[in-house]
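First up is the structure itself, then whatever we jot down about it.
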Amino acid sequence: MAVKNLSEIPKAYNPAEVEDKWYTYWEENDTFHSERDDGKEPFTIVIPPPNVTGMLHMGHILNNTLQDIYIRYKKMLGYNACWVPGTDHASIATESKVIAYLKEKGINKFDIGREEFLKHCWEWTDKYGGIIIKQLRKLGTSCDWQRQRFTMDDHYYQKVIEAFVKLYKEGLIYRGYRMVNWCPASKSAISDEEVIYKTIQGKLWHLKYPVIDEQGKIIDHVVVATTRPETMLGDTAVAVNPNDERYKALIGKTVLLPLCEREIPVVADDYVDIEFGTGVVKITPAHDVNDYELGKRHELEFINIFNDDATTNDNVPYDFRNMDRYDVRKKVVKRFDELELLEKVEDYMNSVGYSQRGDVPIEPYLSDQWFMKMDDLAKPALDLVKKGEIKFHPNHWIKTYEHWMDNIRDWCISRQLWWGHRIPVWYHKETKEIYCDVTPPEDIDNWRQEEDVLDTWASSWLWAQDVFTTEEDQKYYYPTNLLVTAPDIIFFWVARMIMAGEKFMGEVPFKDVYFTSLIRDVQGRKMSKSLGNSPDPIDVINDYGADALRFTINYIAPLGQDVLFDIEKCEIGRNFANKIWNAGRFLLMNAQDIELDDSLKDKHIDFADEWIQSRFQNAIKDLHSALDKFEVNQATKIIYSFVWNDYCDWYLELIKNQIYSDDKEIKSAVLTRALLLFEDMLKIIHPFMPFISEEIWQLLSEREAGDSITKTGFPKYDESLINESAEEEIDFVQKVVAAIRNIRGEMNIPPSKQIDVLIKGDELSENQSKYISSLARVKKLEASQNVVKPKASASALAKGAEIYVPLEGLIDLDLERQRLEKEKNRLEGMLAGVSKKLSNEKFVNNAPKDVVEREKAKKADWESSLSKINVLLAELN
RNA sequence: GGGUUCUUAGCUCAGUUGGUUAGAGUGUCUGCUUGACGUGCAGAAGGUCACAGGUUCGAAUCCUGUAGAACCCACCA
């Protein structure tokens, strides 16, 4: 083995120079492509498809880094890892963008017609659809780009239609005239899940309605309280609670609806809360969900007063027509005031449903829509999760999922849009007969196809199964293994994919679901465009490097809790990358002028080698365990502390003597081992930081064309390398060195000044002396049980051994006394605790034996230390 | 109204079934041109584990309650 000849390795790692280079290399060499291979077990992930016109944001970074970690990790473990990327057509989101774009050019979609409009949508998709995909490459994602899919691909489109037809024929999809959530901005129905409730400071208007007798004479007034006075134009009743003593006489009477001059009944219904407002409710059956139900119970008239954009229609009095709903509100209130029918206006905090996409208040609206029956689909999907066939991480999401599934209502799947999967239903022009199939009716001229398209989620719910375009592929890769997604789409997507998997495949779509953290800013606010608190990940990558961003975001992201992200936190990852870089640089620079020799790797071994191997095996073991439990931030911490603390801070320092040895063979043996371990270390780093690990791996020796660290195996855990006695020995060295450094620090002894050290304790091995001397900068080191403390010296304890540093002329007795007093106090405190425990009979009798034994050992240990400290203190005086 | 999660060092967070001296990063302070790295090295200070009860020989950890925070669901005219 020979390291590459390096004229100069830059002092600081420069990610910008290496990242694009390796991504191109990986793509050119098909590094991420997966083919069916029956001899290999697949590990499959389907990407949560971002909106085709979307831009990468911080949430995507966390999400996709996690997927990439698992794909690269599993690939290195020998699985046939396949990560299918793609995008979602995002029906409503994309359509509104195209509409806005056309509007600027003065074009209305209805003027140009469906076909023309869809052309614009496809142009838009082609123009912006590649952006997020390119951005993902900057992050280093190892997606199988040859398998890139789009929810409007021909094959996928066909599958969506087939699913609809199947469910329709089974009676699970039906058409109905129902009250739905209407988005006046997109002029479409939306599902319950697309309604976001916001708490809004509003008002409660108290309106007086005249009560009339049979002759039409006003005999009284009732006062109704409403947050939406404009809907009074559609009122067809007034309701009171049947048990409300105040209004018993009113039931069955008639009210003359002001402005409309319509006579409407007073009905009695339990729905009315006696305590709330005036106890009298105006009923608008066509524009309120509760009023709708009440209207059906009392067979009231349903008067729709709005057009599809929430302007008033011809069902309202002439003066109020063709006005925006909020203008009508003002006008209605004003007129009531003029008529002296406005009793009062109160401030009122109200929860208002907004359209998720349109960001305007939704309007409950009666219309013909398509619905999917949920009960039969939800039950098995719930069972799969409850039985553990699909595992949620963290698993508390099961409760949320269960609650939703238990209370699920039918899903409104039709959208009054054009961009999407058009519902495969045709209506006979004459007979009104309904035809539903994957192919249009033969006598197509006699039929009219349904105008509506499907909800985006009624296409993406097939994602896990239909990104595979051949039966063989589907059979091989499905069920997928892991889904990584944000919890905010648990209902939209996760739940429905589980339903679709069970319904169409008879099998779970994935075995594990990892719900990622939500990324917030340092103040804990959601990242949003309007707040401007969402950094552009591409800027962050340019400033810090993709590896740094990847590592940082996982390092700070706990499983299941929000992440408070700040760009400056990327210093964690950048510094770490730089640390790895410099460790490699150090080894490579020293290996330049010698021959590395694999046959030397078992020669001149000492316990530093055994120690680091043991530490490394432990790290591998812990890493597997953390990743198996989806504790990815724990995994990053294992890597960080092994690389930084064990490998760099101690191991490299311990072997420096040998690296600088004049004996070429020793030097060669030590460097060979250090580099072999370093190479293994790069492999465990690779899933987390693919670029820098590839870069250095390629520098370590001459590689074949197309080789990649990605294709190497993950280092195998080897229990025989666990070496507890080596760990013990180095632990002692570390403690002694730390104690001496502490004395140096506290006594202000400059690092450049060499000191003598005496240790009263067991004699040291040759290696131990060597290491302690060099790491603590010791001139003369002596260790034995016969050591006597020199007069003017500072002292400390380490694992029972007494350490003396003679400081004639340098020692500050007060400082030394303080140091020892501090240690004495600490020991006394701990001793008091353990003594109390051991003198408690109940503890001694009840606690497990090994716990009691441990406490006893502690006590003995501390007592011995304390007495030594006391002697040292006495000697000071 | 129902539910979920959370409250540990100045800040951000670990702390696995209750049992070592409650840890890390960052920030602060001190020292360091030590032949990889100042994006670094060494050292130090800093915590009544939100509060109150309870269970237990023993609680940051389990239970109950209180206060506070975030989110989800339902929804109030």
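Labels below follow one simple rule: chain letters A, B, ... track the order of the sequence lines, proteins then strands, and each chain is numbered from 1.
Pairing for U20(B) is absent, with no Watson-Crick or G-U wobble pair whose two atom distances lie under 3.5 Å. Remark: G40(B) base-pairs with C32(B). Criterion, Watson-Crick or G-U wobble with two distances under 3.5 Å. Pair check for U64(B) finds A52(B); Watson-Crick or G-U wobble, both atom distances under 3.5 Å. The partner of G1(B) is C73(B), by the rule that a Watson-Crick or G-U pair needs both atom distances under 3.5 Å.
Remark: Lys399(A) is in phosphate contact with U4(B), judged by side-chain N or O atoms under 4.0 Å from OP1 or OP2. Contact annotation: Asn633(A) does not reach the phosphate of C13(B) (side-chain N/O to OP1 or OP2, under 4.0 Å). Note on Tyr13(A): every side-chain N or O is 4.0 Å or more away from OP1 and OP2 of G40(B).
Annotation: cation-pi geometry not satisfied between Arg228(A) and Trp205(A) (NZ/CZ under 6.0 angstrom from ring centroid, within 45° of ring axis). Under a cutoff of 6.0 Å and an axis angle of 45°, Lys656(A) and Phe586(A) form a cation-pi pair. Remark: Lys637(A) qualifies as a cation-pi partner of Tyr555(A) under the 6.0 Å distance and 45° angle criteria applied to the six-membered ring. Judged by the 6.0 Å and 45° rule, Lys203(A) forms no cation-pi pair with Tyr348(A).
With hydrogens and angles left out, the side chain of Glu653(A) and the base of A36(B) share a donor-acceptor pair within 3.5 Å. Below the 3.5 angstrom threshold, one finds no donor paired with an acceptor across the side chain of Thr400(A) and the base of C72(B).
Of the candidates C37(B), C41(B), A36(B), C41(B) carries the atom nearest the Asp649(A) side chain, counting heavy atoms from C-beta on. Checking C75(B), U21(B), A42(B) against the side-chain heavy atoms of Trp862(A) singles out U21(B) as nearest. Distances were taken from every side-chain heavy atom of Phe491(A) (C-beta onward) to each of C73(B), C41(B), U21(B); the shortest belongs to C73(B). Set against A42(B), A36(B), U21(B), the side chain of Met830(A) has U21(B) as its closest nucleotide. With U12(B), A36(B), U16(B) as the candidates, the nucleotide lying closest to the side chain of Lys579(A) is A36(B). Comparing U12(B), G43(B), A70(B) by their nearest atom to the side chain of Asn742(A) picks out G43(B).
Residue Lys753(A) is out of contact with every strand shown, counting any heavy-atom pair closer than 4.0 Å. Residue contacts shown for Phe576(A) are absent, as no nucleic acid heavy atom lies under 4.0 Å away. Among the protein residues, Glu746(A) comes within range of the sugar-phosphate backbone only, with heavy atoms under 4.0 Å from sugar or phosphate atoms but none that close to a base. Residue-level contact check: Glu828(A) touches neither bases nor backbone, having no heavy atom under 4.0 Å from any strand. If you check every strand for non-hydrogen atoms under 4.0 Å, Lys656(A) touches a base.
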Could I get a table of every N or O pair under 3.5 Å where one atom is in the protein and the other is in nucleotides 55-60 of chain B?
unit_1: C57(B); atom_1: O2'; unit_2: Asn840(A); atom_2: ND2; d: 2.7

Atom pairs, protein N/O to nucleotides 24-27 of chain B N/O, distance under 3.5 Å:
none

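Side-chain contact annotation: Asp235(A) with Tyr209(A), donor-acceptor N/O pair under 3.5 Å present.
Nucleotides U61(B) and C49(B) are separated by 9 Å at their P atoms, to the nearest Å. Of the P atoms belonging to G43(B) and C6(B), the separation is 35 Å, rounded to the nearest Å.
Atom P of nucleotide A36(B) and atom NZ of Lys11(A) are separated by 10 Å, given to the nearest angstrom.
A salt bridge does not link Lys399(A) to Glu402(A): none of the charged nitrogens lies less than 4.0 Å from a carboxylate oxygen.
Across all non-hydrogen atoms, the minimal contact from Glu863(A) to Leu831(A) is CG-CD2, 3.7 Å.
Atom CD of Gln201(A) has more than 12 neighbouring heavy atoms from other residues, nucleotides or ligands inside a 6.0 Å radius.
The NE2 atom of His403(A) sits 15.5 Å away from the CD1 atom of Ile398(A) when rounded to the nearest 0.5 Å.
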